[in-house]
Amino acid sequence: MSQSAEASAETLSSCPPPTLSHRQEAFARHVASGTTLTDAARLAGYAWDSARQTGSRLMKAPHVAARVADLSHARENQRQGELDELVGGLKRVMIDAMARKNDFAALRAIDMIARLRGIVPTTAKRSSGIAAALEEMRQCQEDDTEAEAADVEFTPETVFDPPMPPELPRLVEPMPAPEPEPASPAQASAQARATANEATRAAVRRKLFCYEHLLTRHPELSSQIHDLSDALAYFDDGDTLLPPELWPGGADRR
(Lines give C-alpha, C1' and ligand atoms only; values in the text may rest on other atoms or scores of the structure.)
Protein backbone atom coordinates (compact mmCIF):
# COMPACT_ATOMS: atom_id res chain seq x y z
CA MET A 1 0.00 0.00 0.00
CA SER A 2 1.38 3.45 -0.92
CA GLN A 3 1.92 6.17 1.64
CA SER A 4 -0.93 8.25 0.22
CA ALA A 5 -3.33 5.29 0.45
CA GLU A 6 -2.22 4.61 4.02
CA ALA A 7 -2.73 8.27 4.91
CA SER A 8 -6.22 8.19 3.37
CA ALA A 9 -7.14 5.05 5.26
CA GLU A 10 -5.87 6.55 8.52
CA THR A 11 -7.87 9.71 7.88
CA LEU A 12 -11.06 7.73 7.19
CA SER A 13 -10.64 5.58 10.29
CA SER A 14 -10.15 8.65 12.47
CA CYS A 15 -13.27 10.39 11.14
CA PRO A 16 -16.29 10.02 13.43
CA PRO A 17 -19.39 8.42 11.88
CA PRO A 18 -21.94 10.93 10.59
CA THR A 19 -24.62 11.93 13.07
CA LEU A 20 -28.15 10.85 12.22
CA SER A 21 -30.90 13.40 12.10
CA HIS A 22 -33.88 13.10 14.40
CA ARG A 23 -35.99 11.44 11.69
CA GLN A 24 -33.19 9.10 10.63
CA GLU A 25 -32.69 7.96 14.23
CA ALA A 26 -36.43 7.37 14.63
CA PHE A 27 -36.46 5.46 11.33
CA ALA A 28 -33.53 3.27 12.44
CA ARG A 29 -35.17 2.42 15.77
CA HIS A 30 -38.45 1.45 14.11
CA VAL A 31 -36.66 -0.77 11.59
CA ALA A 32 -34.61 -2.45 14.33
CA SER A 33 -37.84 -3.25 16.20
CA GLY A 34 -39.15 -5.17 13.17
CA THR A 35 -41.24 -2.48 11.46
CA THR A 36 -41.24 -2.50 7.67
CA LEU A 37 -39.25 0.16 5.84
CA THR A 38 -42.43 1.76 4.56
CA ASP A 39 -44.08 1.99 7.96
CA ALA A 40 -40.81 3.06 9.59
CA ALA A 41 -40.49 5.95 7.15
CA ARG A 42 -44.06 7.03 7.82
CA LEU A 43 -43.62 6.78 11.59
CA ALA A 44 -40.39 8.79 11.28
CA GLY A 45 -42.29 11.70 9.78
CA TYR A 46 -41.70 11.24 6.03
CA ALA A 47 -44.38 11.62 3.39
CA TRP A 48 -46.99 8.87 3.30
CA ASP A 49 -47.19 8.35 -0.46
CA SER A 50 -43.44 8.06 -1.07
CA ALA A 51 -42.65 6.21 2.16
CA ARG A 52 -41.66 3.02 0.35
CA GLN A 53 -38.99 4.70 -1.75
CA THR A 54 -37.88 6.82 1.21
CA GLY A 55 -37.42 3.79 3.43
CA SER A 56 -35.44 1.91 0.81
CA ARG A 57 -33.15 4.86 0.12
CA LEU A 58 -32.60 5.58 3.82
CA MET A 59 -31.66 1.96 4.41
CA LYS A 60 -29.04 2.19 1.65
CA ALA A 61 -27.28 5.01 3.49
CA PRO A 62 -24.27 3.39 5.25
CA HIS A 63 -24.62 5.35 8.48
CA VAL A 64 -28.34 4.56 8.76
CA ALA A 65 -27.80 0.87 8.00
CA ALA A 66 -24.98 0.75 10.58
CA ARG A 67 -27.26 2.29 13.20
CA VAL A 68 -29.98 -0.28 12.45
CA ALA A 69 -27.41 -3.06 12.79
CA ASP A 70 -26.19 -1.71 16.15
CA LEU A 71 -29.74 -1.43 17.50
CA SER A 72 -30.67 -4.91 16.25
CA HIS A 73 -27.55 -6.36 17.86
CA ALA A 74 -28.38 -4.68 21.18
CA ARG A 75 -31.95 -6.00 21.03
CA GLU A 76 -30.66 -9.50 20.29
CA ASN A 77 -28.26 -9.36 23.24
CA GLN A 78 -31.09 -8.25 25.52
CA ARG A 79 -33.35 -10.98 24.17
CA GLN A 80 -30.63 -13.59 24.72
CA GLY A 81 -30.14 -12.44 28.31
CA GLU A 82 -33.86 -12.67 29.02
CA LEU A 83 -33.96 -16.09 27.33
CA ASP A 84 -31.13 -17.33 29.55
CA GLU A 85 -33.03 -16.13 32.63
CA LEU A 86 -36.18 -17.97 31.50
CA VAL A 87 -34.25 -21.17 30.81
CA GLY A 88 -32.54 -20.91 34.20
CA GLY A 89 -35.92 -20.62 35.92
CA LEU A 90 -37.31 -23.58 33.97
CA LYS A 91 -34.29 -25.67 34.93
CA ARG A 92 -34.98 -24.98 38.60
CA VAL A 93 -38.61 -26.00 38.06
CA MET A 94 -37.44 -29.18 36.30
CA ILE A 95 -35.05 -30.13 39.11
CA ASP A 96 -37.70 -29.47 41.76
CA ALA A 97 -40.28 -31.53 39.85
CA MET A 98 -37.84 -34.42 39.48
CA ALA A 99 -37.08 -34.29 43.21
CA ARG A 100 -40.82 -34.50 43.93
CA LYS A 101 -41.15 -37.31 41.33
CA ASN A 102 -43.64 -35.21 39.35
CA ASP A 103 -42.80 -36.62 35.92
CA PHE A 104 -45.45 -34.57 34.08
CA ALA A 105 -44.17 -31.23 35.41
CA ALA A 106 -40.55 -32.24 34.73
CA LEU A 107 -41.32 -33.25 31.13
CA ARG A 108 -43.30 -30.04 30.60
CA ALA A 109 -40.33 -27.95 31.79
CA ILE A 110 -37.96 -29.94 29.55
CA ASP A 111 -40.25 -29.35 26.55
CA MET A 112 -40.38 -25.60 27.20
CA ILE A 113 -36.59 -25.43 27.56
CA ALA A 114 -36.16 -27.28 24.26
CA ARG A 115 -38.56 -24.89 22.50
CA LEU A 116 -36.90 -21.78 23.90
CA ARG A 117 -33.48 -23.06 22.83
CA GLY A 118 -34.76 -23.92 19.34
CA ILE A 119 -34.11 -27.65 19.72
CA VAL A 120 -37.79 -28.34 19.05
CA PRO A 121 -39.33 -26.24 16.23
CA THR A 122 -42.24 -24.01 17.12
CA THR A 123 -44.92 -22.42 14.97
CA ALA A 124 -44.03 -18.94 16.25
CA LYS A 125 -41.84 -16.94 13.89
CA ARG A 126 -39.81 -14.08 15.28
CA SER A 127 -39.34 -11.16 12.96
CA SER A 128 -35.86 -9.79 12.39
CA GLY A 129 -35.53 -6.08 11.71
CA ILE A 130 -32.56 -6.39 9.33
CA ALA A 131 -33.90 -9.46 7.51
CA ALA A 132 -37.28 -7.81 6.94
CA ALA A 133 -35.58 -4.61 5.78
CA LEU A 134 -33.42 -6.47 3.26
CA GLU A 135 -36.44 -8.31 1.89
CA GLU A 136 -38.35 -5.06 1.44
CA MET A 137 -35.32 -3.47 -0.21
CA ARG A 138 -35.24 -6.31 -2.77
CA GLN A 139 -38.92 -5.76 -3.50
CA CYS A 140 -38.31 -2.05 -3.92
CA GLN A 141 -35.37 -2.55 -6.30
CA GLU A 142 -37.56 -2.29 -9.42
CA ASP A 143 -38.97 1.07 -8.34
CA ASP A 144 -35.47 2.41 -7.71
CA THR A 145 -34.31 1.21 -11.13
CA GLU A 146 -37.19 2.99 -12.84
CA ALA A 147 -36.53 6.21 -10.92
CA GLU A 148 -32.82 6.13 -11.81
CA ALA A 149 -33.65 5.49 -15.47
CA ALA A 150 -35.91 8.52 -15.50
CA ASP A 151 -33.09 10.51 -13.86
CA VAL A 152 -35.46 11.89 -11.26
CA GLU A 153 -33.80 13.43 -8.22
CA PHE A 154 -35.40 12.08 -5.08
CA THR A 155 -35.76 14.24 -1.99
CA PRO A 156 -37.61 12.77 0.98
CA GLU A 157 -40.61 14.85 1.86
CA THR A 158 -41.08 15.32 5.57
CA VAL A 159 -44.46 15.75 7.20
CA PHE A 160 -43.94 16.03 10.96
CA ASP A 161 -41.34 15.65 13.68
CA PRO A 162 -41.94 12.16 15.07
CA PRO A 163 -41.80 11.11 18.72
CA MET A 164 -38.62 9.16 19.33
CA PRO A 165 -39.27 5.46 20.04
CA PRO A 166 -37.22 3.86 22.84
CA GLU A 167 -33.85 2.50 21.77
CA LEU A 168 -34.60 -0.81 23.50
CA PRO A 169 -37.91 -2.15 24.82
CA ARG A 170 -38.40 -1.31 28.44
CA LEU A 171 -37.94 -4.22 30.80
CA VAL A 172 -40.80 -5.16 33.08
CA GLU A 173 -39.59 -4.84 36.63
CA PRO A 174 -40.49 -7.87 38.75
CA MET A 175 -43.01 -7.26 41.49
CA PRO A 176 -41.18 -6.95 44.82
CA ALA A 177 -41.87 -9.65 47.35
CA PRO A 178 -44.28 -8.53 50.07
CA GLU A 179 -42.74 -7.74 53.41
CA PRO A 180 -43.51 -10.49 55.93
CA GLU A 181 -45.93 -9.30 58.57
CA PRO A 182 -44.64 -9.55 62.14
CA ALA A 183 -46.17 -12.44 64.01
CA SER A 184 -48.60 -11.61 66.77
CA PRO A 185 -47.96 -12.99 70.29
CA ALA A 186 -50.62 -15.63 69.73
CA GLN A 187 -49.05 -16.68 66.43
CA ALA A 188 -45.57 -16.77 67.96
CA SER A 189 -46.85 -18.90 70.84
CA ALA A 190 -48.59 -21.28 68.43
CA GLN A 191 -45.44 -21.54 66.33
CA ALA A 192 -43.36 -22.32 69.44
CA ARG A 193 -45.84 -25.03 70.49
CA ALA A 194 -45.78 -26.54 67.00
CA THR A 195 -41.98 -26.58 67.03
CA ALA A 196 -41.93 -28.22 70.47
CA ASN A 197 -44.49 -30.82 69.42
CA GLU A 198 -42.51 -31.66 66.30
CA ALA A 199 -39.35 -32.09 68.39
CA THR A 200 -41.23 -34.38 70.76
CA ARG A 201 -42.56 -36.49 67.90
CA ALA A 202 -39.07 -36.73 66.39
CA ALA A 203 -37.66 -37.92 69.73
CA VAL A 204 -40.39 -40.57 70.02
CA ARG A 205 -39.77 -41.77 66.46
CA ARG A 206 -36.04 -42.10 67.24
CA LYS A 207 -36.74 -44.13 70.38
CA LEU A 208 -39.07 -46.46 68.48
CA PHE A 209 -36.54 -46.92 65.71
CA CYS A 210 -33.72 -47.77 68.12
CA TYR A 211 -35.92 -50.09 70.17
CA GLU A 212 -37.27 -52.05 67.18
CA HIS A 213 -33.88 -52.23 65.47
CA LEU A 214 -32.11 -53.40 68.60
CA LEU A 215 -34.59 -56.16 69.46
CA THR A 216 -34.76 -57.31 65.84
CA ARG A 217 -30.98 -57.76 65.69
CA HIS A 218 -30.45 -58.80 69.32
CA PRO A 219 -33.60 -60.27 70.88
CA GLU A 220 -31.51 -61.57 73.80
CA LEU A 221 -31.41 -58.00 75.12
CA SER A 222 -35.18 -57.79 75.61
CA SER A 223 -34.82 -58.54 79.32
CA GLN A 224 -32.53 -55.54 79.76
CA ILE A 225 -34.76 -53.04 77.92
CA HIS A 226 -37.41 -51.81 80.36
CA ASP A 227 -38.22 -48.55 78.57
CA LEU A 228 -37.94 -47.18 75.05
CA SER A 229 -35.30 -44.74 76.26
CA ASP A 230 -33.07 -47.63 77.36
CA ALA A 231 -32.51 -48.57 73.70
CA LEU A 232 -30.84 -45.22 72.98
CA ALA A 233 -27.75 -46.25 74.99
CA TYR A 234 -26.94 -48.84 72.31
CA PHE A 235 -26.75 -46.30 69.46
CA ASP A 236 -24.55 -43.33 68.65
CA ASP A 237 -25.83 -39.86 67.70
CA GLY A 238 -26.25 -40.98 64.09
CA ASP A 239 -28.54 -43.89 65.17
CA THR A 240 -25.86 -46.44 64.26
CA LEU A 241 -25.70 -49.52 66.46
CA LEU A 242 -22.60 -49.47 68.65
CA PRO A 243 -20.23 -52.46 68.88
CA PRO A 244 -21.02 -54.81 71.82
CA GLU A 245 -18.02 -53.65 73.87
CA LEU A 246 -19.57 -50.17 74.01
CA TRP A 247 -22.99 -51.33 75.15
CA PRO A 248 -24.11 -50.73 78.75
CA GLY A 249 -22.29 -53.39 80.80
CA GLY A 250 -20.04 -54.15 77.86
CA ALA A 251 -16.99 -54.66 80.15
CA ASP A 252 -18.85 -57.38 82.05
CA ARG A 253 -19.60 -59.22 78.79
CA ARG A 254 -15.92 -59.46 77.98
Side-chain angles (χ1 to χ4, degrees), residues 74-126 168-254:
R75 290 175 64 90
E76 183 61 27
N77 286 342
Q78 178 179 338
R79 174 186 172 276
Q80 188 61 45
E82 294 173 349
L83 178 63
D84 292 340
E85 291 182 3
L86 289 174
V87 171
L90 285 171
K91 286 184 177 179
R92 290 191 291 272
V93 172
M94 176 190 68
I95 294 172
D96 180 67
M98 294 174 68
R100 292 185 287 105
K101 300 187 183 300
N102 188 342
D103 295 338
F104 177 80
L107 290 174
R108 179 61 177 165
I110 292 172
D111 177 71
M112 294 180 69
I113 291 172
R115 292 180 183 276
L116 287 174
R117 288 301 190 194
I119 301 173
V120 176
T122 60
T123 56
K125 184 178 181 181
R126 186 173 58 89
L168 288 174
R170 296 180 179 87
L171 296 176
V172 178
E173 294 294 335
M175 181 178 294
E179 292 290 337
E181 296 182 359
S184 63
Q187 292 174 334
S189 177
Q191 182 64 31
R193 288 196 301 270
T195 303
N197 291 337
E198 180 59 30
T200 302
R201 287 192 291 268
V204 172
R205 287 195 296 268
R206 181 170 183 262
K207 291 178 182 180
L208 286 172
F209 168 79
C210 294
Y211 177 80
E212 294 176 354
H213 184 67
L214 180 63
L215 295 188
T216 300
R217 301 286 298 274
H218 299 279
E220 69 276 8
L221 297 175
S222 59
S223 60
Q224 303 180 30
I225 306 299
H226 305 290
D227 187 80
L228 292 179
S229 301
D230 296 341
L232 298 178
Y234 295 83
F235 293 84
D236 61 12
D237 294 338
D239 293 340
T240 301
L241 185 64
L242 297 170
E245 58 269 19
L246 297 180
W247 292 351
D252 299 337
R253 292 187 179 85
R254 289 182 297 187

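Quick note: residue numbers are just sequence positions, from 1.
- At least one side-chain heavy atom of Tyr234 sits less than 4.5 Å from a side-chain heavy atom of Pro248.
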Residues 83-93 side chain polar contacts: donor-acceptor under 3.5 Å, at least two apart:
{"residue": "Asp84", "atom": "OD1", "partner": "Gln80", "partner atom": "NE2", "Å": "3.2"}
{"residue": "Asp84", "atom": "OD1", "partner": "Arg117", "partner atom": "NH1", "Å": "3.0"}
{"residue": "Asp84", "atom": "OD1", "partner": "Arg117", "partner atom": "NH2", "Å": "3.1"}

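- A distance of 9.0 Å separates CG of Asp236 from SG of Cys210, quoted to the nearest 0.5 Å.
- Judged as a side chain to side chain donor-acceptor pair (under 3.5 Å), and not counting sequence neighbours, the contacts of Asn77 are His73.
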Just list the side-chain donor-acceptor pairs under 3.5 Å for residues 192-200, sequence neighbours left out, or say none.
{"residue": "Arg193", "atom": "NH1", "partner": "Ser189", "partner atom": "OG", "Å": "2.8"}
{"residue": "Thr195", "atom": "OG1", "partner": "Gln191", "partner atom": "O", "Å": "2.9"}
{"residue": "Asn197", "atom": "ND2", "partner": "Arg193", "partner atom": "O", "Å": "3.2"}
{"residue": "Glu198", "atom": "OE1", "partner": "Arg201", "partner atom": "NH2", "Å": "3.1"}
{"residue": "Glu198", "atom": "OE2", "partner": "Arg205", "partner atom": "NH2", "Å": "3.2"}
{"residue": "Thr200", "atom": "OG1", "partner": "Ala196", "partner atom": "O", "Å": "2.9"}

Evaluate Phe235 against Thr240 for side-chain contact (heavy atoms from CB on, under 4.5 Å), listing each step before the verdict.
CA-CA 5 Å; Phe235 293 84; Thr240 301; 5.8 Å; no

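- By the side chain to side chain contact (heavy atoms under 4.5 Å, CB included) test, Pro219 is found to be paired with no residue, residues two or more places apart in sequence or in another chain being considered.
- Residue pairs that meet the salt bridge (Lys or Arg N to Asp or Glu O under 4.0 Å) test with at least one member in residues 206-222, sequence neighbours left out, are Arg206-Asp239.
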Intermediate values then yes/no, side-chain contact (heavy atoms from CB on, under 4.5 Å), Leu241 and Trp247:
CA-CA 9 Å; Leu241 185 64; Trp247 292 351; 4.3 Å; yes

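- Remark: Asp96 pairs with Arg100 by the salt bridge (Lys or Arg N to Asp or Glu O under 4.0 Å) rule, at least two apart or across chains.
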